[in-house]
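Shown next, in C-alpha cells, is the structure this report addresses.
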Amino acid sequence: MVEITERLWDYDAVEPGQAAQPTVVTITAEQIAEYAEIAQNPDPRYRLGNGSDEYVGSPVPMPTMAVSYAPLLRPEIAENNGFIALEHSKTARRQTPFAKCEARWFRPALVGDTITGVGRVLEKYERRGSKFVTFRIEAKNQRGEPVGRYDYTCIFQYAHGQRSVPRDEVTAELPRSETPDLKPAPSSLLTFDSVRVEDPLAELAITESQEIINRKSEFRLAGKPSESNIHNDEEFARQNIFGGTVNAGPATMSYVDQMLQLSFPLKAFYNGGSLLMRAITPFRSGDTVTFGGEITGKREEGGQGLVECRVRGINQRGELVCLADAVMVFGE
C-alpha cells in the first residue's frame, strides 16, 4: 500500500505575500446578466440589451460581481507556492469557510474591459483559539486603472467546540430572538441632501434554494471549477462545521448589494463606496432572509458626500445571518 504524503497549505504553512498567478477576464454583457440572475436580482439594468442611465452605452455589473471577474483562487495560491489546498487534500480534506469580506470600488468594469486580478495573502491571525487568513484581491482594467479591491477572510481552523464565527469578529450583534420591523421604503433613490441619520433603508427579502446555491458555485470566469464543496456537495458538507450545504458568503453579499441598490444609485458604489459584510449564521436552502437597515452617519469629505449605513440580514427564525456596514459616496 502506497502512503500518500501531501504538503498541506494549512494555517502554519500560510504566509503573508503568498500569491497566485494573475487572472485575466474580459467583461461581457452575458456575464453581467448571468451574475444578476444568479443573484436573484430582477433589475432590468442588468439584462441583455439593457443598460444603466448612469453609465450610458452598456450595462454595468452589480458591484459584488468583482468577486467573480477578479476571483479569490485559494487552491491556485496554494499550488503556486508548492502546497495542496485543504479543500483539495486526499488525506485531510476540509473547507476553509467564509468569515467576512470588505470591498471597495473605484470605477465600474464596463463591457469590453479586460480585468486583471491579483490575489495574495494579506495577513493571518488568531481570535479566541480560531485561526483566520485574510486575502487581498486587487482588480485593474486594461489601462492599468484600479477598478476595485476586496479583503476576504476565511476560517482556517475553529476553536474546539465552536461552530460559528467568533463574537470578536462581530460588533453590535442583534439578539437572536429579535425579528426585523418592516419599514417603509424610500419612494425614490436617495441623494446626499435627502439623507437623514436614522432614516430606514428599503428592505429586501430573499429565499435561497439549492438550485441557486449550485449555480452560484458553478459560475466561474477564471480559475479551475470546484466540483465538490460545502455549497454543492451534501455528503462533504455534512462532514464540515455547518453540518449541511450552505450558500457562499459572496452570495449573501450580493443580496446586501442588491438591497442597497433599492436606496442608492450605482455611482454611490463606484465613486469609492465600500461594503463590509460579516457572516454570522449559515444561509441554507429554504431559508428566507430579510435584509434591512438604516443610515448611521453622514459627512462631507474631500468635496464628496459620504453616507454610512448598517445592514442586517435576519432569517425566518429570527437569527442574525449577516451584519454589514456600507459607505455610499456622492459626488463625481
Side-chain angles (χ1 to χ4, degrees), residues 32 34-41 43 46 60-74 96-105 108-109 117 119 132 134-139 147-155 165 169-171 201-209 212-213 215-217 219-221 229-231 242 246-264 266 268-270 273-284 287-293 308-315 320-328:
I32 292 172
E34 184 176 2
Y35 179 88
E37 181 183 350
I38 296 170
Q40 304 191 60
N41 190 343
D43 192 322
Y46 303 113
V60 173
M62 288 179 62
T64 48
M65 189 176 163
V67 301
S68 292
Y69 61 68
L72 164 61
L73 304 176
R74 280 169 285 174
T96 53
F98 175 100
K100 64 181 179 179
C101 182
E102 182 169 15
R104 186 177 179 190
W105 298 271
F132 300 85
T134 298
F135 303 85
R136 171 162 290 180
I137 297 83
E138 298 177 286
V147 171
R149 73 163 186 253
Y150 61 95
D151 294 346
Y152 190 115
T153 301
C154 299
I155 309 167
V165 177
E169 289 298 291
V170 182
T171 58
L201 300 172
E203 293 189 336
L204 174 71
I206 292 286
T207 299
E208 194 59 277
S209 70
I212 289 293
I213 292 173
R215 289 184 63 192
K216 183 67 174 177
S217 182
F219 183 76
R220 286 180 176 265
L221 304 180
N229 53 49
I230 60 172
H231 312 304
F242 302 128
V246 298
N247 83 349
T252 301
M253 200 168 176
S254 75
Y255 302 146
V256 176
D257 170 3
Q258 182 184 164
M259 172 256 177
L260 288 168
Q261 288 181 49
L262 298 176
S263 297
F264 296 101
L266 269 176
F269 290 89
Y270 286 124
S274 64
L275 174 61
L276 165 63
M277 194 202 80
R278 311 161 188 84
I280 313 299
T281 300
F283 194 168
R284 302 180 187 276
D287 283 351
T288 297
V289 173
T290 299
F291 298 90
E308 299 170 351
C309 311
R310 165 61 58 92
V311 176
R312 301 172 182 87
I314 301 176
N315 67 20
L320 183 66
V321 171
C322 70
L323 185 68
D325 292 291
V327 177
M328 300 285 99

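Predicted, not measured: the structure shown is a model, and the values here were computed from it.
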Do M65 and L221 come close enough that some side-chain heavy atom pair is under 4.5 Å? yes
Start with the C-alpha distance between I213 and F283, add both sets of side-chain angles, then the distance that settles side chain to side chain contact (heavy atoms under 4.5 Å, CB included), and finish with yes or no. CA-CA 10 Å; I213 292 173; F283 194 168; over 6 Å; no
Taken to the nearest 0.5 Å, the spacing of M277 CE from S254 OG works out to 9.0 Å
Do the side chains of Y35 and P61 get nearer than 4.5 Å, heavy atoms only? no
Do we see a donor-acceptor contact under 3.5 Å between the side chains of T64 and Y255? no
Check the pair V321 / F291 against side chain to side chain contact (heavy atoms under 4.5 Å, CB included), numbers first and verdict last. CA-CA 9 Å; V321 171; F291 298 90; 5.9 Å; no
Can you check side chain to side chain contact (heavy atoms under 4.5 Å, CB included) on E102 and T134, steps first, answer last? CA-CA 10 Å; E102 182 169 15; T134 298; over 6 Å; no
Determine whether a donor-acceptor pair (N or O, by modelled atom type, separation under 3.5 Å) exists between the side chain of R74 and the backbone of C154. no
Any chance you could measure F219, atom CZ, to I212, atom CD1, to the nearest 0.5 Å? 12.0 Å
Taking all atoms of both residues into account, what is the closest heavy-atom pair of D287 and P282, and its distance? OD2-O, 3.9 Å
Does some side-chain heavy atom of V256 sit less than 4.5 Å from a side-chain heavy atom of C322? yes
Nearest 0.5 Å, please: how far is CD in Q40 from OG in S209? 6.0 Å
May I ask you to test the Q261-L204 pair for a side-chain heavy-atom distance under 4.5 Å? no
Donor-acceptor pair, E208 side chain versus N247 backbone, under 3.5 Å? no
Do T281 side-chain atoms and L320 backbone N/O form a donor-acceptor pair below 3.5 Å? yes
Identify the heavy atoms of V67 and P250 that sit nearest to each other, and give their distance. CG2-CB, 3.9 Å
Look only at the side chain of Y150 and the backbone of A70, and say whether a donor-acceptor pair between them is shorter than 3.5 Å. yes
Which value, rounded to the nearest 0.5 Å, describes the distance between L262 atom CG and N41 atom CG? 8.0 Å
Within a strict 4.5 Å, meaning less than it, do heavy atoms of the L275 and C101 side chains meet? no
Y270 and W105 aromatic ring geometry - parallel, tilted or perpendicular at 30°/60° bounds: perpendicular
Using a 4.5 Å cut-off on heavy atoms from C-beta on, say whether the side chain of C309 contacts that of L201. yes
Compare every heavy atom of I137 with every heavy atom of G119, then report the nearest pair and how far apart it is. CA-CG1, 4.0 Å
Could you check if a side-chain atom of R312 sits within less than 4.5 angstrom of a side-chain atom of T290, using non-hydrogen atoms only? no
May I ask you to check whether F98 and Y152 place their ring centers less than 6.0 Å from one another? yes
Shortest non-hydrogen contact from T288 toward A205: CG2-CB, 4.4 Å
Side chains of Q258 and I206: closer than 4.5 Å at any heavy-atom pair? yes
With a 4.0 Å cut-off, would you call K100 and D151 a salt bridge? no
So how far is it from T153 OG1 to R136 CZ, rounded to the nearest 0.5 Å? 10.5 Å
When rounded to the nearest 0.5 angstrom, what distance separates CE in M328 from CG in L266? 10.0 Å
